[in-house]
Novice: 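This structure is in structure tokens; I'll ask about it shortly.
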Amino acid sequence: RLSNNHNSKDLNGTTGTAGAGDAANARGKIALITGITGQDGSYLAEFLLKKNYEVHGIIRRASTFNTTRIEHLYADPKAHKGGRMKLHYGDMTDSSSLVKIINMVKPTEIYNLAAQSHVKVSFDLSEYTAEVDAVGTLRILDAIRTCGMEKSVRFYQASTSELYGKVVETPQNEQTPFYPRSPYACAKMYGFWIVINYREAYDMYACNGILFNHESPRRGENFVTRKITRSVAKILLNQMEYFELGNLDSKRDWGHASDYVEAMWMMLQRDVPADYVIATGETHSVREFVEAAFKHIGREITWRGKGVEEVGIERNTEIVRVRINPKYFRPTEVDLLQGDASKAKRELNWTPKVSFLELVTDMMNADIELMKKNPIA
Ligand code: NDP
Ligand code: GDR
């Protein structure tokens, strides 16, 4: 094996090749986050700023503002501590932008969170999803090598429970075989293995976090949990009569994003890099999530009918609140995810703090507030 600087006890990540080490020594810990404008990127930026990191984020050009989730970090001078957060234009499909940014920022830790992250959309944008999620991961790993920083930088890859796909065993742990069920999962499978390959080939400190679903009030509006909490908030405020969903029976292990970004950071603070499942260990169906969201506003949903004819009816009023629309079905579905995070508990001392019902409550309260302020949101 090549010399292995990640066995060093120096958790500042400041050892390694000259350029990067010098910059880090003078500046402290420096994180570069791809996907900083996304759900996880925003929580991670907040978390690292609190830990006194200098935080750099890659944002892509959009025709409207795409920085809503991190605006509060700019607005609060205490949070970004006098310009300790900086954004750079770049794209996972553009190698030269990645090389330029890494060379300029000289990060000590890179969190690769950028992705076309919607599973259903990946069936429509299959090639683009592979470009960003698979080849994009390769591009950033190569950019690190081009900058001569493979021995100094610590790399986190946003891997996913979607890798497990078709149920082989439950609960799923680091040894469970993968069986991806979407272009998204296949692209992430490439990302997973290229990270391991570069770790072994170039002795890089690189980790895969195999994160199960995690949600929050900042979750994208077209993921199922947020779609439900937004719709139920609108129903409470008489802004909507009913909403449509796809498969009610798929089961997910849902945690809170704020807990999960801490695990990402923990993975990069160890002596030796490894891959970890991050999950709550509990599983709930989409149907149960709907019921819990309605319960939060004091209503009860009962189900009637079968298949695409099934409806969710509000008890007492008999008003139909949920209908099935097959357009939300996926060509191949992932039926059941339930993670076993005992390795993360053992080696990182990580456990989730937010329960399923606390997650539903947090998301419901935030969406009720949002819809009160802005009924057309
Ligand atoms: P989001 O969809 O909320 O955020 C994705 C981020 O990637 C956004 O900042 C987006 O930018 C950016 N992005 C997309 N395409 C590109 C591109 N071509 N170049 C540069 N940036 C790009 O995802 P989450 O925050 O929920 O997830 C973070 C990561 O974790 C993703 O890789 C996801 O696949 C993975 N993951 C997520 C899980 C979850 O339950 N949330 C579970 C397991 C893994 P913009 O804001 O401009 O769209
Ligand atoms: P998922 O999340 O595919 O697990 O990927 P999503 O919330 O999109 O779907 C979860 C389950 O709900 C079912 N479903 C619906 N889904 C959506 N989006 N919209 C609907 O109307 C609807 N009705 C039912 C789905 O069929 C599915 O079974 C998320 C993403 O964050 C990935 O990036 C991440 O890797 C995985 O979680 C872990």
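Side chains are part of it too, since the values below use all heavy atoms of this structure and drop only hydrogens, waters and symmetry mates. Remember, it's 1-based here, ligands and their atoms both numbered in the order they're listed. Remember, predicted model here, so these are calculated numbers, not experimental data.
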Novice: Going by heavy atoms in the side chains, are M240 and V232 under 4.5 Å from each other?
Specialist: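 The answer is no, as the side chains (C-beta and beyond) never meet within the 4.5 Å cut-off.
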Novice: Among S117, S231, S159, which one puts a heavy atom closest to atom 32 (C) of ligand 2?
Specialist: S117
Novice: Might you work through the side chain to side chain donor-acceptor pair (under 3.5 Å) test for Q269 and E109, ending with a clear yes or no?
Specialist: CA-CA 10 Å; Q269 312 310 311; E109 294 171 12; 3.2 Å; yes
Novice: Among protein heavy atoms, which lies nearest atom 24 (C) of ligand 2, and at what distance?
Specialist: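 Here the closest protein heavy atom is N247 O, 3.2 Å.
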Novice: Under 30°, 30 to 60°, or over 60°: which ring-plane class applies to F178 and F192, parallel, tilted or perpendicular?
Specialist: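 F178 and F192: perpendicular rings.
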Novice: Quick test: of every protein heavy atom, which one is nearest to atom 3 (O) of ligand 2, and how far off is it to 0.1 Å?
Specialist: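 For atom 3 (O) of ligand 2, the nearest protein heavy atom comes out as R330 NH1, 2.5 Å.
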Novice: Please step through salt bridge (Lys or Arg N to Asp or Glu O under 4.0 Å) for the pair E310 and R323, ending with a clear verdict.
Specialist: CA-CA 7 Å; E310 186 168 6; R323 293 183 190 279; over 6 Å; no
Novice: Same cluster or not: are V224 and M363 linked, directly or through other Ile, Leu, Val, Met, Phe, Trp or Tyr residues, by side-chain heavy atoms under 4.5 angstrom apart?
Specialist: yes
Novice: For ligand 2, is any non-hydrogen atom under 4.0 Å from N222's backbone (N, CA, C, O), its side chain (CB onward), both, or neither?
Specialist: backbone
Novice: Look at atom 28 (O) of ligand 2 and say which protein heavy atom is nearest, naming residue and atom and giving the distance to 0.1 Å.
Specialist: S250 OG, 2.6 Å
Novice: Please say whether S161 places an N or O atom under 3.5 Å from an N or O atom belonging to ligand 2.
Specialist: no
Novice: With S122, which residues qualify under side-chain hydrogen bond (donor to acceptor under 3.5 Å, both in side chains), at least two apart?
Specialist: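 If we apply the side-chain hydrogen bond (donor to acceptor under 3.5 Å, both in side chains) test to S122, skipping adjacent residues, there are no hits.
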Novice: For atom 26 (O) of ligand 2, find the nearest protein heavy atom and state the residue, atom name and distance (0.1 Å precision).
Specialist: E333 OE2, 2.6 Å
Novice: Out of curiosity, is H118 lining ligand 2, as in a heavy atom under 4.0 Å away?
Specialist: yes
Novice: I'd like to know if R252 and E215 make a salt bridge, using a cut-off of under 4.0 Å between side-chain N and carboxylate O.
Specialist: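 Between E215 and R252 there is no salt bridge, as every charged N stays at least 4.0 Å from the carboxylate O atoms.
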Novice: Do any nitrogen or oxygen atoms of F223 lie less than 3.5 angstrom from nitrogen or oxygen atoms of ligand 2?
Specialist: no
Novice: Please identify which atoms of ligand 2 are closer than 4.0 Å to at least one heavy atom of E162.
Specialist: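 This gives 4 (O), 35 (O), 36 (C) as the contact atoms.
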Novice: Does the cation-pi check pass for K345 over Y276, that is, NZ or CZ under 6.0 Å from the six-membered ring centre and within 45° of its axis?
Specialist: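 Judged by the rule, K345 and Y276 form no cation-pi pair.
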Novice: Go through Y260 and W350 one step at a time and tell me if the ring pair (Phe, Tyr, Trp, His ring centres under 6.0 Å) criterion holds.
Specialist: CA-CA 9 Å; Y260 286 46; W350 180 88; 5.5 Å; yes
Novice: Determine the interplanar angle of the Y156 and Y111 rings, folded into 0 to 90°, and report it as parallel if under 30°, tilted if 30 to 60°, perpendicular if over 60°.
Specialist: tilted
Novice: What part of V286, side chain, backbone, both or neither, has a heavy atom within less than 4.0 angstrom of ligand 2?
Specialist: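 Only the side chain of V286 comes within reach of ligand 2.
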Novice: For ligand 2 and R252, I'd like to know whether there is a polar contact (N/O to N/O, distance under 3.5 Å).
Specialist: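 Indeed, backbone or side chain, R252 has an N or O that close.
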Novice: With a 4.0 Å cut-off on heavy atoms, is Y184 in contact with ligand 2?
Specialist: yes
Novice: What protein heavy atom lies closest to atom 20 (C) of ligand 2? Include the residue and the distance to one decimal.
Specialist: K227 NZ, 3.8 Å
Novice: Can you find a heavy atom in the side chain of I196 that is under 4.5 Å from one in the side chain of N208?
Specialist: yes
Novice: Salt bridge or not for E262 and K353, using N-O below 4.0 Å?
Specialist: yes
Novice: For atom 14 (N) of ligand 2, what is the nearest protein heavy atom, given as residue, atom name and distance?
Specialist: V224 CG2, 3.7 Å
Novice: For ligand 1, would you mind listing the residues that have at least one heavy atom less than 4.0 Å away, ordered by chain and number?
Specialist: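 Protein residues near ligand 1 are G35, T37, G38, Q39, D40, R60, N66, D91, M92, L113, A114, A115, S117, Y128, V132, A158, S159, T160, Y184, K188, L211, F212, N213, H214, R219.
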Novice: Looking at K306 and E309, is there a salt bridge between them, counting it only when a charged N and a carboxylate O are closer than 4.0 Å?
Specialist: no
Novice: Mind checking whether H214 and H256 have ring centres under 6.0 Å apart?
Specialist: no
Novice: Is ligand 2 under 4.0 Å from a heavy atom in the side chain of R219, in the backbone, in both, or in neither?
Specialist: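 R219 to ligand 2: side-chain contact only, backbone stays beyond 4.0 Å.
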Novice: Students should be able to answer this: which protein heavy-atom is nearest to atom 5 (O) of ligand 2, and at what distance?
Specialist: V119 CG2, 3.6 Å
Novice: Taking the side chain as everything from C-beta on, heavy atoms only, tell me whether R270 gets closer than 4.5 Å to L348.
Specialist: yes
Novice: Identify which one of F223, F294, W254 satisfies the ring pair (Phe, Tyr, Trp, His ring centres under 6.0 Å) criterion when paired with F289.
Specialist: W254
Novice: Checking the N or O distance criterion of under 3.5 Å, is ligand 2 in contact with F212?
Specialist: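 F212 vs ligand 2: no N/O contact under 3.5 Å.
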Novice: Among protein heavy atoms, which lies nearest atom 2 (O) of ligand 2, and at what distance?
Specialist: N213 ND2, 3.7 Å
Novice: Please determine whether any non-hydrogen atom of K120 lies less than 4.0 Å from an atom of ligand 2.
Specialist: no
